[in-house]
Structures are given as C-alpha cells and as structure tokens.
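Here is the structure we will look at, set down as structure tokens.
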Amino acid sequence: METRGPERTPSDQEERGRNAFISRLRTHKLREHFTWKLLKTMAMGQGLSLLICGTALSSQYLAVEFHVDTPMLQSLMNYALLCLIYTTMLALRKGDGNILQILKTKWWKYLLLGLTDVEANYTVVKAYQFTTLTSIQLLDCFVIPVLMVLSWFFLKTRFHVVHYVAVFICLLGVGAMVGADLIAGRDQGSTLNILLGDGLVLISATLYAISNVCQEYTVKNCSRVEFLGMVGLFGTLISSIQFAILEHRHVEKIEWNWNIGLLFAAYAFSMFALYSFMPVVVKLSSATAVNLSLLTADLFSLFCGLFLFHYTFSALYIVSFMVITVGFVMFNTVPTVTLAPTPNQCNIEGITNPASSTEDDLQEMGVELSLGEEERKSEEQKEEETKYGGLSVPWTSQEQNRPEWTAEHSTKM
C-alpha cells in the first residue's frame, strides 16, 4: 500500500511563498539595474529638462516684462543656428553622406519632418492664447502614449508591462504637479476659447511624437548630424516664410535694448543646445524615455519661479518630482525589444534596446554563442566519425557531455 506524506495546508503554502519572495529579495542585486548607463541617461535627461526650463524662463521674461510675443522669430533663430552648424557640416562631407546625395533621395521626407517640427513648436505656443496653463500641462502628456503607439508600429518596439506601469506612475507625478498649481492659484492662461486651445495642445503633442519617432529612427540608423542638418535647413526655410507672414509687424514694434537682446540670445542658446544634445540621449535610450524625463521641466521652471516670480511653494512639487523620477527609473531598468533589424544588429527573435543592456548581459550572450558553436562543431565531428566507423558507445557519451563542460568552463572564465 502506497504511503502518503503529510498534506500541505494553505497556510503552509502561503508561508513557502513568502519565504521564496524574501529569498528573491535577498539575492536580488540592485547593481544589475542601477548601471552607469542608467545614471548617465537620467543625468542627461535632467540636463535637457533644465534647457527647456531656460527656454520657458526667457520666453516668460520677454512676454511679461517687455511684452514681446514672437514665437516664430525665436524658433527661426534656433533653426538658423542648426543650419549654420550642422547643415554646413553636411555640405563639407564627401561621398554618399553629403548633402547633395541626401537631398536627391530623401528631400521630401525631411521637408515633411521640418514642417512637422516647426508647427509642433508654433501650435503649443499659440495654445497659451486660448486655454489655461493647467490644461496645457495635462494635455501635453498626450505625446507619450502617441509616441508608444508610433514606436510600436513604425519602429517595431515592444514594451513590457513594467513600461506601461512606469508611464502611469510618471503621469501621476504630473497630476500631483497640476494639483499643486491649482492649490497655489497658478491656473494662469486664457479662457478665450478653451476647446480650441486644448485642440491645439493635442495637435502639438501628436506632431512632437511624430518628430521624435523620426528623430529616433534617423539617429539610430543614419546619423545625428544628418538629422540636425536637414531639420535646420528645412526648418529655417519654413519658419522664415511663416515669420514673414505672421510676425513681421510685431518685430517692428519691439523697442530693442540689451536686456531683450540677452533674453533672445538665452532662448536661442537653450533651444540650440536642446536640439543638439537630445539626439544623443535618444540614441542612448529611446524617444519615449526622453519624453518621460522631460516631464520634470515644468517643475524646474516652478522652482526657479519661486525666486524670480515669487510663486507659492507646495510640498506637492517635491512629491511630483520624486514620483516622476521613480517612473523614469522603472521604465529604463527593463529593456524594450525591437523586432525590426538595424544595420548593426540583427536577431530573429528581436533586438534588445542597447540602452538597458549591461556588460554582464553581453558577456552572457557571448558565452551562449560560444556554447552553440561548440555544440555545432561537436555534432559535426560526431557525424563524421560515425560515418567512417570506430565510434564506441562510451566515447559517444563523453562527447555528448563535452558541451556542458565547455559551457561551465567558459562561464567561470
């Protein structure tokens, strides 16, 4: 008769589950996630937020202190700098990557990209004339889900559940920031036509998402200089035409002095630096991750406004910053997977985002590839010796176990 061991009660199973969870926590190494690359991505993302803060402060000073409202002129200065630096670099190139070859094959693509980028900047500034600051801060987050959808279809990026949770946490941080604004009575802006203003914000967010997806594709498959040079060239042409039509009368009314000149220079420098360094961070991570880090830009502007414009402080600002940071870290600790092959990396099962791959991961991949090669060679040798005879059973068993020894030996090295 078969004997049965003691049956496990539900309490025993729960206890075993708790012990297993605690054991995993003890053996879990934070160093595997908090890598130098992640810290560098975080630092560079916050640097971009500070540059956006610089553009916001200079624009606010121009509008409040000197009654200067010329968004197209400010954008034109940025595109002109990009054209002067990066388009000139493309013009000096030789071979297939020079500006003539690019214009022959892809001029219409970059024309649409330049138009998208210019109008994204213009529509969000125009929205301030019709709706409130709170609406703009909330609806501007629409760029993140649009980015994820576009990345899914066009870049073949696949997100895990943790990525969606991280985005949700970041949006909670934005909600805390907006709540702090309402408590402090900072619901600034216009209520002239809220529906129109909200629509302009959504259009701007969609255009920004399209521009950022194109940027990620270009910098990861072509080059950063090509992207900035073409955007600078076509952005200058489009913004010049739009400026001549919409704002030339406003510029004639400006009473120029050195203060206004410095503020224009500060805005142009901040935007130029933002456009120049953003592709670096996008290549290191992704367009979605960069936009998550840029959610703190409004907080930096608020912190500066505490001293410059005497805003009312709220502890929710600190909470918002910490929540957004936690969401950003969560998003970057787990790598995304790209199904489409790139010129440098190709894998049937997908390509892991290099921004989240550590050196240990690469070493493990090398061990696995080495193991597969050893197994293939061993099987070929086995078939060849079997073909000519003289292969004994004990020797066969040793040959079959050899790849396992090779893997263990290779892992320890």
Side-chain angles (χ1 to χ4, degrees), residues 44 47-48 51-52 54-55 58-59 70-125 154-155 204 207-248 251 261 264-284 287 290-291 294 342-344:
M44 296 177 71
L48 296 178
L51 290 173
I52 293 180
T55 62
S58 56
S59 295
T70 55
M72 284 312 307
L73 175 61
Q74 293 167 232
S75 296
L76 175 59
M77 294 172 63
N78 170 51
Y79 291 120
L81 286 174
L82 292 175
C83 183
L84 178 64
I85 303 299
Y86 295 104
T87 309
T88 302
M89 293 173 64
L90 284 179
L92 297 177
R93 273 186 178 180
K94 297 181 180 179
D96 295 335
N98 65 6
I99 190 171
L100 294 179
Q101 292 296 328
I102 295 173
L103 290 176
K104 284 181 181 179
T105 57
K106 296 180 284 188
W107 67 269
W108 63 273
K109 297 180 181 179
Y110 284 116
L111 174 62
L112 294 177
L113 176 59
L115 179 63
T116 300
D117 198 74
V118 170
E119 299 310 322
N121 290 322
Y122 179 74
T123 50
V124 71
V125 174
F154 295 102
L155 301 181
S204 173
L207 294 176
Y208 271 127
I210 296 172
S211 176
N212 288 341
V213 167
C214 294
Q215 179 179 165
E216 181 176 352
Y217 178 84
T218 306
V219 300
K220 290 185 176 180
N221 294 278
C222 300
S223 71
R224 165 178 166 268
V225 175
E226 177 176 332
F227 172 79
L228 294 174
M230 291 293 99
V231 169
L233 176 61
F234 289 105
T236 301
L237 294 175
I238 295 170
S239 58
S240 297
I241 296 172
Q242 201 161 334
F243 164 73
I245 297 173
L246 300 177
E247 289 187 359
H248 69 280
V251 176
F264 270 104
Y267 179 90
F269 171 78
S270 298
M271 282 296 285
F272 175 77
L274 175 66
Y275 270 71
S276 297
F277 291 112
M278 188 170 176
V280 178
V281 190
V282 167
K283 187 173 183 178
L284 190 64
V290 171
N291 277 272
L294 295 182
T342 61
N344 297 326

Sub-4.5 Å side-chain heavy-atom contact between Arg93 and Val225
yes
Output the distance between atom CG (Leu82) and atom CE (Met230), rounded to the nearest 0.5 Å.
11.5 Å
Partners passing salt bridge (Lys or Arg N to Asp or Glu O under 4.0 Å) against Lys106 (at least two apart in sequence or in another chain)
Glu226
Can you list everything that forms a side-chain contact (heavy atoms from CB on, under 4.5 Å) with Leu112? Sequence neighbours excluded, please.
Trp108
Residues forming a side chain to side chain donor-acceptor pair (under 3.5 Å) with Ser59, sequence neighbours excluded:
Gln74
Leu48: partners by side-chain contact (heavy atoms from CB on, under 4.5 Å), with sequence neighbours left out
Leu51, Leu274, Phe277, Met278, Val281, Val290, Leu294
Return each pair, listed once, that meets salt bridge (Lys or Arg N to Asp or Glu O under 4.0 Å) where at least one residue sits in residues 110-120; pairs must be two or more places apart or across chains.
none
Among residues two or more places apart or on two chains, list those pairs meeting side chain to side chain donor-acceptor pair (under 3.5 Å) that have a residue in residues 228-237.
none
Val124: side-chain contact (heavy atoms from CB on, under 4.5 Å) partners, not counting sequence neighbours:
Ser204, Tyr208
In this structure, OG1 of Thr70 is separated from CG of Leu246 (nearest 0.5 Å) by 12.0 Å
Of all residues at least two apart in sequence or in a different chain, which pass the side chain to side chain donor-acceptor pair (under 3.5 Å) check with Gln215?
none
Taking atom OG of Ser75 and atom OH of Tyr122, what is their separation to the nearest 0.5 Å?
10.5 Å
Taking the side chain as everything from C-beta on, heavy atoms only, tell me whether Tyr79 gets closer than 4.5 Å to Tyr275.
yes
How long is the gap from CG on Leu90 to OG on Ser223, to the nearest 0.5 Å?
6.5 Å
What's the separation between atom CD in Gln242 and atom CG in Leu115, rounded to the nearest 0.5 Å?
8.0 Å
Testing the basics here: between Ala287 and Glu216, what is the closest heavy-atom pair and its distance to 0.1 Å?
N-OE1, 3.1 Å
Any chance you could lay out the side-chain contact (heavy atoms from CB on, under 4.5 Å) test for Leu233 and Leu103, step after step, and finish with the verdict?
CA-CA 11 Å; Leu233 176 61; Leu103 290 176; 4.3 Å; yes
Indicate the atoms forming the closest heavy-atom contact of Thr55 with Ser58, along with that distance.
O-OG, 3.0 Å
Check Pro279 against Phe227 and note the closest heavy-atom contact, atom names and distance.
CG-CD2, 4.4 Å
Thr87 (side chain) donor-acceptor with Leu84 (main chain) under 3.5 angstrom:
no
Table please: side-chain donor-acceptor pairs of residues 265-272 below 3.5 Å, with sequence neighbours left out.
residue, atom, partner, partner atom, Å
Ser270, OG, Ala266, O, 2.9

What residues, two or more places apart in sequence or in another chain, satisfy ring-ring contact (aromatic ring centres under 6.0 Å, His included) together with Tyr110?
none
Using the test side-chain contact (heavy atoms from CB on, under 4.5 Å), find all partners of Leu111 that sit at least two apart in sequence or belong to another chain.
Trp107, Phe234, Ile238
Distance col, row Asn212:CG vs Leu207:CG, nearest 0.5 angstrom, shows 11.0 Å
Who are the side chain to side chain donor-acceptor pair (under 3.5 Å) partners of Ser240, not counting sequence neighbours?
none
